[in-house]
Amino acid sequence: MADLLKNQVAVVTGAGRGIGAATARLMAAEGARVVVSDLDAAPAEAVVAEIEASGGEAITVAGDVTDPAFPDRLMKAAVDAFGKLTVLVNNAGYTWDGVIHKMTDAQWEAIVDVHLSAPFRMIRATVPYMREVAKAEMAAGNKPEQRSIINISSTSGLHGNAGQINYAAAKMGIVGMTKTVAREWGAFNIRCNAVAFGAIETRLIKAKEEGESISVHGETVTLGIPQQARDVLTMMIPLGRTAVPEEAAGGILLLASPYASYITGHTLEVTGGYGI
Ligand SMILES: NC(=O)c1ccc[n+]([C@@H]2O[C@H](COP(=O)([O-])OP(=O)(O)OC[C@H]3O[C@@H](n4cnc5c(N)ncnc54)[C@H](O)[C@@H]3O)[C@@H](O)[C@H]2O)c1
């Protein structure tokens, strides 16, 4: 157990599996108390059990990030459990791919909702516990505590990606949102950064042929990318390989840590060099 995030309380959305789960484990190992939030309660509870077994502290708050009432409930649960909130990682999401001429409004809206509108509502829901608390600390003549928000973007947003017009638009939108939060809340010592991932080995980039899926508002959406696309993608990565979720979590931890105390408004590319 190390202490890069000692005294920090982190909310991580989509933390039941993949990158979010690795981030929750790593942050807890670095001393943060962690709120493991996910649509699916069972995997989130399993992550909490692992954290507790390693001597860390965590709770589960299950819910859908696209439910407009959920962000307030989530932030309140974090503060009720751990007394404060200092880190938010907007990570939850999935892909629902389709070429432009076949993309439905439902497909477009669902992906923009989960990757853009939900993170906005999450950020707004931190106001009483981050912005207002920092303001009060300043009014009392103190330097506000370290607080930070990390939004998850993608190379599909930064460079575009055929078959992902909904996802690419949302993932680039979050870069603009990140810079805006950085500008508005920098004065309160609240940093806001994004991490754009390339190919991280989770069910999102598994071979589509393996057939993992997510159920969204009664609709079953197949996740993953075709095996051929995986092969081409890997060839375009300078490091010559995809990453494990722990390497993705490392990028998030870096931005939440005190070593990033003067970094805000930045989009960190954790891509193995893809797209440079
Ligand atoms: N894996 C990659 O290569 C890659 C690349 C770029 C960006 N990303 C982004 O990283 C983030 C994490 O993805 P991952 O690869 O770990 O996928 P994942 O499917 O392994 O994990 C995502 C988690 O988010 C949860 N989730 C999905 N919709 C939700 C909702 N509406 N409310 C609450 N929770 C919800 C899922 O239940 C799941 O546990 C996503 O934002 C994704 O777009 C991933």
Side-chain angles (χ1 to χ4, degrees), residues 11-26 35-47 60-71 73-74 89-97 109-119 121-122 150-159 161 164 166-175 178 194-207 210 212-219 221-225 229-230 233-234 237 241-249 251-252 267-272 274-275:
V11 168
V12 184
T13 68
R17 49 175 83 72
I19 296 166
T23 301
R25 284 190 221 103
L26 182 59
V35 178
V36 177
S37 181
D38 203 279
L39 188 60
D40 301 326
E45 280 159 11
V47 172
T60 308
V61 181
D64 184 341
V65 296
T66 67
D67 168 0
F70 183 58
R73 179 157 76 79
L74 176 58
V89 183
N90 271 316
N91 166 78
Y94 59 98
T95 47
W96 192 359
D97 298 346
E109 278 156 18
I111 290 302
V112 171
D113 203 16
V114 75
H115 289 289
L116 198 56
S117 303
R121 289 192 209 102
M122 287 288 170
I150 294 145
N151 297 317
I152 303 309
S153 183
S154 165
T155 49
S156 296
L158 303 189
H159 308 295
N161 195 21
Q164 291 196 317
N166 50 358
Y167 184 72
K171 287 301 198 190
M172 197 57 193
I174 200 130
V175 170
T178 298
V195 185
F197 293 122
I200 316 294
E201 288 295 348
T202 70
R203 63 182 186 168
L204 281 203
I205 67 151
K206 273 210 165 124
E210 290 182 31
E212 286 225 32
S213 62
I214 183 169
S215 178
V216 190
H217 308 302
E219 183 110 29
V221 176
T222 308
L223 302 171
I225 57 177
R230 272 184 63 92
L233 183 64
T234 310
I237 300 170
R241 61 175 180 86
T242 56
V244 293
E246 288 68 27
E247 294 176 291
I252 297 173
T267 298
L268 177 67
E269 295 184 38
V270 178
T271 64
Y274 175 86

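Below, each value reflects all heavy atoms present in this structure, side chains not excepted, and no hydrogens, waters or symmetry copies. Indexing begins at 1, ligand by ligand and atom by atom, following the structure's order.
Between D64 and ligand 1, at least one N/O pair is under 3.5 Å apart. Residue V65 has at least one N or O atom closer than 3.5 Å to an N or O atom of ligand 1. Where the criterion is an N or O separation shorter than 3.5 Å, residue side chain and backbone included, L39 meets it with respect to ligand 1. For ligand 1, the polar-atom distance check finds an N/O of G198 within less than 3.5 Å of one of the ligand's N/O atoms. Close N/O approach between T202 and ligand 1 is found [any backbone or side-chain N/O within under 3.5 Å]. The shortest N or O to N or O distance between Y167 and ligand 1 is under 3.5 Å. For K171, a nitrogen or oxygen atom sits less than 3.5 Å from a nitrogen or oxygen atom of ligand 1, counting backbone and side chain alike.
What sits closest to atom 39 (O) of ligand 1 on the protein, heavy atoms only, is D38 OD2, 2.6 Å. The protein non-hydrogen atom at the shortest distance from atom 16 (O) of ligand 1 is I19 N, 2.8 Å.
When non-hydrogen atoms are compared, ligand 1 lies under 4.0 Å from the backbone of I200 as well as from its side chain. Counting heavy atoms closer than 4.0 Å to ligand 1, residue I152 contributes side-chain atoms (C-beta onward) but none from N, CA, C or O.
Proximity of H115 to ligand 1 is established by a heavy-atom distance of less than 4.0 Å.
H115 and Y167 have perpendicular rings, their planes meeting at more than 60° on a 0 to 90° scale where under 30° would count as parallel.
Under a 4.0 Å N-O distance rule, the pair D40/R17 qualifies as a salt bridge.
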